[in-house]
Protein chains: 2
Amino acid sequence: MNKRIADLNRYLADKGLKITRQREAVAQVFFDTDGHISAEELYVKVSRSYPGVGLTTVYRTLKLLKEAGLAKERRFAEDSQGVFEKEDTARHHDHLICIRCGKIVEFKEPLIEKLQDEVAQRHGFSVEDHKMELYGLCSSCRTA
Amino acid sequence: MNKRIADLNRYLADKGLKITRQREAVAQVFFDTDGHISAEELYVKVSRSYPGVGLTTVYRTLKLLKEAGLAKERRFAEDSQGVFEKEDTARHHDHLICIRCGKIVEFKEPLIEKLQDEVAQRHGFSVEDHKMELYGLCSSCRTA
DNA sequence: GTATCTGCAAAACTTTTGCTTATTT
DNA sequence: AAATAAGCAAAAGTTTTGCAGATAC
């Protein structure tokens, strides 16, 4: 059940880097988080379970997770902070973003992915990854 | 031919804001720019034609352009700076990006847009705009 | 004449870096 | 024992804000 932690540790070992309590703590809390989380938010969350881990370490660990292909960073225009999400969930899901309240909903739509492949093929491309963001108004903002 | 400047001026007048040399300079250079540009880059570019315009004013004018619906801000994960592009070119087209050679192909796929609307509706959202980027290999990079 | 603007310097934020001590291997 | 990591504080980079003088209406 800690496959991802194992993946990270393998990556670290490979590179001659060390497995530390702090790295495991940050990674564990990160992997237990669904959706996006900023470095700052992750820091707060980690601090609850493992006090004494510094913000710097959170940043540095997130960087490692990105290098290891386990995390992905995104930046939304509305937000000054970058956010991170698990790479495997990042891979095939997209975002609905409310332009009024900023609410973000994740969704998956296999049909869209199929169409993306078709369009790409028509242009001679193979698709490795994609990013899609839909901007609009969520139900509460629409009725308000 | 300066339709967009006129649009901006109308917006300013409407809001009781003033049309100034600096705002026109920033807007003009921005509208003459294709693709994305950061505030800093725009500042440098503006300074060449209209020296003495401050970076602060560039930021403030870009903010106005966004409010007026004439500019759009984006942030890419790789970059710490936000970038801006003209709203009308940003609208309703999507990008195929080759991850090896960087080639970018623009395309439109009405069927995908229709699906986007459906998905959004399912989550209670209305769609005002969208952004989609497909990353893969173009034909020449695939065969190479 | 009054309200808005500009540009500067300073502040606010997010992220990175240098350094000393601590930990992992 | 040698090398890497952690945490702090400080720096760096981007964007915003306060303010005094300037400009548009």
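The analysis underlying the following values was restricted to heavy atoms, covering all of them including side chains, and did not include hydrogens, waters or symmetry mates. Below, read A as the first sequence line, B as the second, and so on, with proteins coming before strands; counting in each chain starts at 1.
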Worksheet item: Can you list the steps and then say if Phe107(A) with His95(A) is a side-chain contact (heavy atoms from CB on, under 4.5 Å)?
Response: CA-CA 6 Å; Phe107(A) 69 93; His95(A) 296 104; 5.7 Å; no

#### Entry: Residues Tyr11(A), Glu67(A); criterion side-chain hydrogen bond (donor to acceptor under 3.5 Å, both in side chains); working and verdict
CA-CA 9 Å; Tyr11(A) 175 83; Glu67(A) 286 166 19; 3.2 Å; yes

Requested in this report: With side-chain contact (heavy atoms from CB on, under 4.5 Å) as the test, would you mind laying out the steps for Glu113(A) and His130(A) before giving the verdict?
Outcome: CA-CA 9 Å; Glu113(A) 296 188 25; His130(A) 76 262; 3.9 Å; yes

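Counting only heavy atoms from C-beta on, Ala39(A) has its side chain closest to dT15(C) among dT24(C), dA5(D), dT15(C). When the nucleotides dC5(C), dC25(D), dT4(D) are ranked by their closest atom to the side chain of Ile19(B), dC25(D) comes out on top. Closest to the side chain of Thr20(A), out of dT6(C), dG18(C), dT24(C), is dT24(C). Here the side chain of Lys18(B) is nearest to one of dT4(D), dA24(D), dA6(D), namely dA24(D). Each of dC5(C), dT15(D), dT15(C) was ranked by its minimum atom distance to the side chain of Arg75(B); first place goes to dT15(D). Comparing dA24(D), dG7(C), dT16(C) by their closest approach to the side chain of Val53(B) singles out dG7(C).
The distance between atom CD of Glu41(B) and atom C1' of dT15(D), rounded to the nearest whole Å, is 15 Å. Rounded to an integer number of Å, the gap from Leu55(A) CG to dA10(D) C1' is 14 Å. In this structure, the CZ atom of Arg21(B) is 12 Å from the C1' atom of dG7(C), given to the nearest Å. In this entry the distance linking CD of Gln81(A) with C1' of dG13(D) reads 15 Å, nearest Å. Here the P atom of nucleotide dC13(C) and the CG atom of Asp79(A) are 13 Å apart, to the nearest Å. Rounded to an integer number of Å, the gap from Phe84(A) CZ to dT14(C) P is 13 Å. For Lys66(B) and dT16(D), the NZ to C1' distance is 12 Å, given to the nearest whole Å. Between the OH atom of Tyr59(A) and the P atom of dT14(C) there is a distance of 7 Å, rounded to whole Å.
Positionally, the nearest nucleotide of DNA chain D for Leu64(A) lies more toward the 5' end than for the other of Tyr43(A) and Leu64(A).
A salt bridge does not link Glu133(B) to Lys131(B): none of the charged nitrogens lies less than 4.0 Å from a carboxylate oxygen.
Among the atoms of the strands shown, base atoms are found under 4.0 Å from some heavy atom of Thr56(A). Residue contacts shown for Arg23(A) are limited to sugar-phosphate atoms, with no base heavy atom under 4.0 Å away.
By the 6.0 Å contact criterion, CD on Gln121(B) is open, its count of non-hydrogen atoms from other residues, nucleotides or ligands being 12 or less.
Close to dT15(D), at under 4.0 Å from its OP1 or OP2, lies no side-chain N or O of Ser80(A). Contact annotation: Gln22(A) side-chain N/O to dA5(D) OP1/OP2 distance is not under 4.0 Å.
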